[in-house]
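Notes follow once the structure below has been shown.
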Amino acid sequence: MLDIEKIEKEYIYEKEDLGACYKGNYTTFRVWSPVATRVDLKLYAEGKGDCLLETIPMMLDIKGTWYTKVDQDLEGKYYTYEITVQEETYEVVDVYAKAVGVNGKRGMIVDFSKTNPEGWEQDQGPVLKHYTDAILYELHVRDASMDSTSGIVEKGLWNGLAEENTKSPDGLSTGLAHIEELGVTHVHLLPQHDYGSVDEAHLEQNVFNWGYDPMNYNCLEGSYSSNPFDGAVRIKEMKHLIQTFHKHGLGVVFDVVYNHTYQSENSIFEQTVPGYYYRMKADGSFSNGSGCGNETASEHKMMGKYICDSVCFFAKEYHVDGFRFDLMAIHDIETMNRLAKQLKEINPNIIIYGEGWAAEEPLLEETRLAKKKNARKMPHIAMFSDNIRDAVKGHVFEVEAKGFVNGAADMEEEIKFAVVGATYHSQAQEGKEVSWAGTAGQCINYVSAHDDLTLWDKLALTNPDADEETRKAMNKLAAAIVYTSQGVPFMQAGEEMLRTKPGEEVAGKFTKNSYNKPDAINSLKWERKKTYADVVAYYQGLIAFRKAHKGLRMAEPGQIERHLQFLDLPRNVVGYTIQCADLEEKTKEILIIYNANNNAVTIPMPEGDWEVYIDGKQAGVQALRRVKGKQVSVDAISCIALLC
Ligand code: CA
């Protein structure tokens with residue numbers, strides 16, 4: 001077994017020059033492997049094939065690093081390290097490689113200054129004063145364009161997602177134009193780092209994968225680029241995509257998967273420093289908190305540094321506006337706080353959030369894990385609220401389980417807990433869960449994501465006898481709860497057009513785990529935008545309403561407790577007022593009611609001159625009608641929002 005303690009004490013290399021540092025007429029290479037007995041640098045003409053140019057022995061330098069300097073202009077050349085450890089010799093890609101050739105087999109030496117599009121120095125993502133101002137839209141690059149109705153030319157590629165003013169055959173905007181029209185603030189892209197499951201050399205096979213099988217963390221996936229064989233092309237195309245999104249006022253969030261790697265024994269991390277980058281059990285086997293065969297060890301200093309360096313590289317070099325950490329509870333709190341601090345120094349507008357859970361129990365004390373119950377120890381990191389997700393529409397793993405909107409009775413306390421963004425509120429603590437968010441900005445509210453059933457499919461399974469209009473009402477109420485609750489709203493792309501993923505997997509009708517399913521199942525079908533135009537407009541209206549009201553986006557600790565008050569209402573109805581006087585609002589007061597009953601309810605109105613902005617049919621920033629009299633009727637399965 002590796003002596004981790006000794007390494008942590010004596011071999012921590014803190015400088016920034018790990019990997020290949022291109023300096024024009026020379027390039028330096030440095031790789032950390034305190035256990036290696038020999039390291040050679042191998043230079044290649046291309047990213048694959050038999051084209052070795054030179055093998056250069058590297059020297060053991062300080063803190064267990066191996067170093068060499070090559071006095072040639074190596075731009076565009078590829079490289080690997082041949083590392084001998086424990087009497088085995090492996091040829092590996094540099095874990096610090098910033099570019100790779102096809103299928104990530106060799107690192108590439110790139111002059112990054114030549115990869116910048118015109119105007120890159122001026123490029124800037126959106127300003128994000130508080131996390132609660134963000135509205136997140138989760139998208140797979142291929143899903144936007146692969147269907148024939150997308151009107152996008154470069155299907156499946158970043159270039160396609162960057163196409164402007166694209167239209168469906170119905171003449172409605174698609175892709176980027178649609179996202180902008182919807183009004184969200186950030187597009188969260190499923191993994192963009194190089195992953196293993198798609199053969200980049202054969203893109204014509206149109207293989208789809210979510211990408212949760214990371215290979216080279218600091219490199220981009222080749223299958224979204226127009227030429228995966230030249231490692232520089234993907235860098236340029238990603239920058240073009242991000243610059244284009246920024247021009248349209250949209251931020252770009254990367255979904256990052258540092259918690260495990262695609263391979264275990266054969267991964268480049270394990271072959272570079274065996275036993276260091278992963279949590280190993282006493283018997284020498286890999287601990288498996290990810291459920292994917294291994295879990296990384298962020299609490300080991302060089303792994304923690306690696307994760308920090310990697311996200312900082314994306315923030316600096318690519319102007320990425322946020323990071324979503326997959327199975328974040330595998331990582332340790334200290335590393336997460338350190339990377340948040342470093343990222344905020346690069347760009348204070350960056351948003352950081354993650355899944356506050358793991359797949360299986362990680363091999364680290366619970367008090368150190370970046371999990372939901374420890375959220376208050378990580379004030380700059382937000383976490384997905386499985387509370388709102390399951391309360392609104394029913395438990396995620398129980399296909400037929402219902403929630404508040406689709407027929408489960410007595411969910412009022414769970415909904416109140418969702419409304420206050422899982423923060424402390426004296427009227428909302430009678431539910432089953434203790435508040436875990438220090439501020440609402442730490443709580444990501446959602447009812448759909450790439451995992452599991454789409455919201456629309458879930459409703460079809462929980463309420464098979466309900467007609468389409470009723471299920472639309474349920475869907476709208478679910479969305480209204482997400483967009484009016486305190487916290488950070490998040491949605492799966494296409495939820496606004498009642499996305500469905502057909503298939504055999506669930507009840508012979510739908511697909512839950514579509515990670516490797518064909519585009520036909522996964523892609524957005526843009527004709528649904530016309531079919532369900534009323535629902536799309538409703539989402540647009542909810543988003544506009546949210547953006548118009550700071551009262552829905554309270555960010556400071558204690559604010560929600562002071563301003564938001566729940567009303568005493570009938571069964572299966574939740575309602576509350578928000579006093580907006582000192583929230584930089586023109587509005588004096590907001591009143592929101594969710595009625596989950598199958599019948600309309602009449603609610604007495606507080607004093608004031610009230611106008612309706614959201615009801616079961618419409619939502620937006622224009623008043624729909626004035627309330628006459630001292631009470632208001634709330635339709636069956638609907639939300640009503642009023643201002644005075
Ligand atoms: Ca790949």
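In what follows, every heavy atom counts, from backbone to side chain, and hydrogens, waters and symmetry copies are set aside. This is a predicted model, so every value here is computed, not measured. Just so you know, ligand 1 is whichever comes first in the structure, and atom 1 is the first atom listed for that ligand.
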Salt-bridge test for R499 and D143: reply yes if a basic N is under 4.0 Å from a carboxylate O, no otherwise. yes

Within 45° cone and under 6.0 Å: R324 NZ/CZ vs Y353 ring: no

Measure from NZ or CZ of K98 to the centre of the six-membered ring of F313 and say whether it is under 6.0 Å with the direction within 45° of the ring axis. yes

Atom of D194 closest to the Ca ion (ligand 1), considering N, O or S atoms: OD1

Y258 and F325 aromatic ring geometry - parallel, tilted or perpendicular at 30°/60° bounds: tilted

OE1 (E221) to the Ca ion (ligand 1) to OE2 (E200): angle, nearest 10 degrees? 90°

Of all the atoms in Y195, is at least one N, O or S atom closer to the Ca ion (ligand 1) than 3.0 Å? yes

